[in-house]
There are 2 protein chains.
Amino acid sequence: MKIGQLSEATGVSIRSLRYYEQQGLIASIRQANGYRTYSPLTVETVEAIKLYLNLGLTTEQIAGFLTCVIQNKEAFCAEVMPVYERKLAEIERQIVQLNQIRTNLVDRMTALTAEQNRTICEECGANDDPKRSQS
Amino acid sequence: MKIGQLSEATGVSIRSLRYYEQQGLIASIRQANGYRTYSPLTVETVEAIKLYLNLGLTTEQIAGFLTCVIQNKEAFCAEVMPVYERKLAEIERQIVQLNQIRTNLVDRMTALTAEQNRTICEECGANDDPKRSQS
DNA sequence: ATAAAGGCTGACATCAGTGTCAGGGTCAAG
DNA sequence: CTTGACCCTGACACTGATGTCAGCCTTTAT
């Protein structure tokens with residue numbers, strides 16, 4: 001299986017596959033002409049890599065347990081859980097921070113809108129609209 | 001006011017002040033020796049920049065309305081609200097995505113723990129512990 | 001005069017995965 | 001033999017604010 005086929009089979013770009021290899025995530029053997037050849041099993045490995053990348057793990061973290069996970073069940077690999085735990089803590093920190101920014105942003109937008117309405121009221125202060133007080 | 005004093009007064013590094021100037025956020029006049037000189041009012045400008053950066057805005061976005069905001073009230077500057085709106089949408093997208101990752105992560109951790117417990121049970125399957133069924 | 005403190009520019013590094021391009025082999029079909 | 005599809009390596013770009021360093025100039029105090 002050549003790199004183009006692996007790319008086709010996994011939906012991962014050739015560029016990324018070469019990068020994964022460079023990071024020690026996947027292995028290839030070279031043909032005489034220098035072309036990479038992959039075992040069909042590599043497809044599963046790449047799928048696993050996609051999964052872990054989607055969890056926000058780095059290639060370095062993935063490299064730390066991928067071999068074990070591929071050979072055994074994930075639960076057998078003691079390295080996995082600590083990585084998950086650290087990632088979860090990081091994600092939660094980020095969520096808190098984003099929520100804080102979100103709150104600040106909403107507050108400012110509210111204040112801004114209020115201030116604009118006040119300015120408009122000043123401009124149309126001449127014509128007193130009785131309908132305003134009915135609602 | 002020289003750059004070291006402005007840095008001292010605002011808590012912003014000299015490096016960052018020079019960067020802000022390069023991005024068109026603050027202005028300085030040069031003395032004959034090439035040293036930057038700042039108006040005392042620049043302190044307020046830098047404080048505003050800090051505030052907007054803390055909202056997650058980029059220097060480019062800030063540059064789009066900072067002059068107006070400094071000269072008038074924020075509510076007077078039509079450029080501000082659209083930037084806030086876009087930023088809010090972006091933040092909320094990020095929060096959703098992080099929550100999705102968080103959920104996936106928690107799910108995997110739960111499954112992992114369950115699987116590990118199952119494995120432990122198999123290992124100690126020989127000694128049948130009657131206390132297990134009491135709880 | 002000299003040393004210390006502060007200012008100046010320019011440039012590289014950071015995080016990390018991916019796109020993209022240049023320049024060059026390889027192979028199969030016409 | 002040529003064309004097109006596929007592969008190779010190496011390298012730069014990107015996102016964006018900041019740290020840091022080198023190399024040099026200015027001012028002030030000793």
Side-chain angles (χ1 to χ4, degrees), chain A residues 1-38 42 45-64 66 83 86-87 90-91 93-94 97-98 101, chain B residues 1-38 42 45-64 66 83 86-87 90-91 93-94 97-98 101:
Chain A
M1 176 171 234
K2 282 185 292 185
I3 199 168
Q5 295 169 302
L6 183 58
S7 170
E8 194 73 17
T10 59
V12 171
S13 74
I14 292 178
R15 173 68 178 90
S16 294
L17 291 174
R18 289 202 267 247
Y19 179 68
Y20 297 164
E21 177 171 334
Q22 196 186 344
Q23 301 307 112
L25 298 183
I26 58 179
S28 69
I29 57 177
R30 298 303 181 103
Q31 289 174 327
N33 56 17
Y35 287 16
R36 290 172 176 83
T37 308
Y38 299 96
T42 311
T45 306
V46 173
E47 293 296 340
I49 293 170
K50 285 169 63 176
L51 187 151
Y52 291 126
L53 284 178
N54 280 336
L55 287 177
L57 303 187
T58 68
T59 54
E60 190 184 356
Q61 290 174 315
I62 299 170
L66 187 61
V83 173
R86 259 177 282 131
K87 188 65 196 179
E90 182 190 336
I91 294 275
R93 235 188 321 107
Q94 291 175 341
Q97 200 186 350
L98 282 183
I101 293 179
Chain B
M1 174 170 236
K2 281 186 291 185
I3 198 167
Q5 296 169 302
L6 182 58
S7 171
E8 194 72 18
T10 59
V12 171
S13 75
I14 292 178
R15 173 69 178 88
S16 293
L17 291 175
R18 289 201 268 247
Y19 179 69
Y20 297 164
E21 177 170 335
Q22 196 187 343
Q23 300 308 111
L25 297 182
I26 57 179
S28 69
I29 57 178
R30 297 304 181 102
Q31 290 174 326
N33 56 18
Y35 285 18
R36 290 172 176 81
T37 308
Y38 298 97
T42 311
T45 306
V46 173
E47 293 297 338
I49 293 170
K50 285 169 64 176
L51 187 152
Y52 291 125
L53 284 178
N54 280 336
L55 287 176
L57 303 187
T58 68
T59 54
E60 189 183 358
Q61 291 173 315
I62 299 171
L66 186 62
V83 173
R86 259 177 281 131
K87 188 66 196 179
E90 183 190 335
I91 294 274
R93 234 187 322 107
Q94 291 175 342
Q97 199 184 350
L98 284 182
I101 292 178

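One finds no side-chain N or O of Arg15(B) lying less than 4.0 angstrom from the OP1 or OP2 phosphate oxygen of dT20(D). Asn33(A) has a side-chain polar atom (N or O) that falls below the 4.0 Å cut-off from OP1 or OP2 of dC27(C). Contact check, Ser16(A) against dT18(C): a side-chain N or O comes under 4.0 Å of OP1 or OP2. Contact check, Arg36(A) against dT9(D): a side-chain N or O comes under 4.0 Å of OP1 or OP2. Neither OP1 nor OP2 of dG16(D) sits under 4.0 Å from any side-chain N or O of Thr59(B). The shortest distance between the side-chain N/O atoms of Ser13(A) and the OP1/OP2 oxygens of dG19(C) is below 4.0 Å. Remark: Tyr20(B) is in phosphate contact with dT18(D), judged by side-chain N or O atoms under 4.0 Å from OP1 or OP2.
Between Leu6(B) atom CG and dG6(C) atom C1' the separation is 15 Å, expressed in whole Å. Residue Glu8(A) contributes atom CD, which lies 15 Å from atom P of dA5(D) at whole-angstrom precision. Taking atom CG of residue Asn54(A) and atom C1' of nucleotide dT18(C), one finds them 14 Å apart after rounding to whole Å. Here the P atom of nucleotide dC8(C) and the CD1 atom of Ile14(B) are 8 Å apart, to the nearest Å. Spacing between atom CD of Gln22(B) and atom C1' of dT18(D) amounts to 12 Å, rounded to whole angstrom units. Atom CD of Glu90(B) and atom P of dT15(D) are 14 Å apart (whole Å). One atom, CD1 of Ile3(A), and another, P of dT18(C), lie 13 Å apart when rounded to the nearest Å. Between Lys50(B) atom NZ and dA17(D) atom P the separation is 16 Å, expressed in whole Å.
The nucleotide whose nearest atom lies closest to any side-chain atom of Tyr35(A) is, among dG25(C), dG17(C), dT26(D), dG25(C).
Within 6.0 Å of the CD atom in Glu60(B), the count of heavy atoms belonging to other residues, nucleotides or ligands does not exceed 12.
Under the 4.5 Å side-chain criterion, counting only non-hydrogen atoms from C-beta, Val46(B) is not in contact with Tyr38(B).
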Would you tabulate the side-chain donor-acceptor contacts of residues 7-15 of chain B under 3.5 Å, counting partners in other chains and residues two or more places apart, or write 'none'?
from	atom 1	to	atom 2	distance (Å)
Ser7(B)	OG	Val12(B)	O	2.7
Thr10(B)	OG1	Leu6(B)	O	2.8
Thr10(B)	OG1	Val12(B)	N	3.3
Ser13(B)	OG	Ser16(B)	N	3.1
Ser13(B)	OG	Ser16(B)	OG	3.0

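Here Arg18(B) does not pair with Glu21(B) in a salt bridge; the nearest charged N to carboxylate O distance is not below 4.0 Å.
A donor N or O paired with an acceptor N or O is not found under 3.5 Å between the base of dG19(C) and the side-chain atoms of Tyr19(A).
Using a 4.0 Å heavy-atom criterion, one finds that Arg18(A) contacts the bases of the nucleic acid, with or without backbone contacts as well.
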Can you list the steps and then say if Lys87(B) with Glu90(B) is a salt bridge (Lys or Arg N to Asp or Glu O under 4.0 Å)? CA-CA 5 Å; Lys87(B) 188 66 196 179; Glu90(B) 183 190 335; 3.5 Å; yes

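Atoms CD and CD1, on Gln94(A) and Ile101(B) in that order, are 8.5 Å from each other to the nearest 0.5 Å. Between the OG1 atom in Thr45(A) and the CD1 atom in Ile62(A) there is a gap of 12.0 Å [rounded to 0.5 Å].
Helix bend of the helix from dA1(C)-dT30(D) to dG30(C)-dC1(D): the angle between its two end axes, each built from five pairs, comes to 40° after rounding to 10°.
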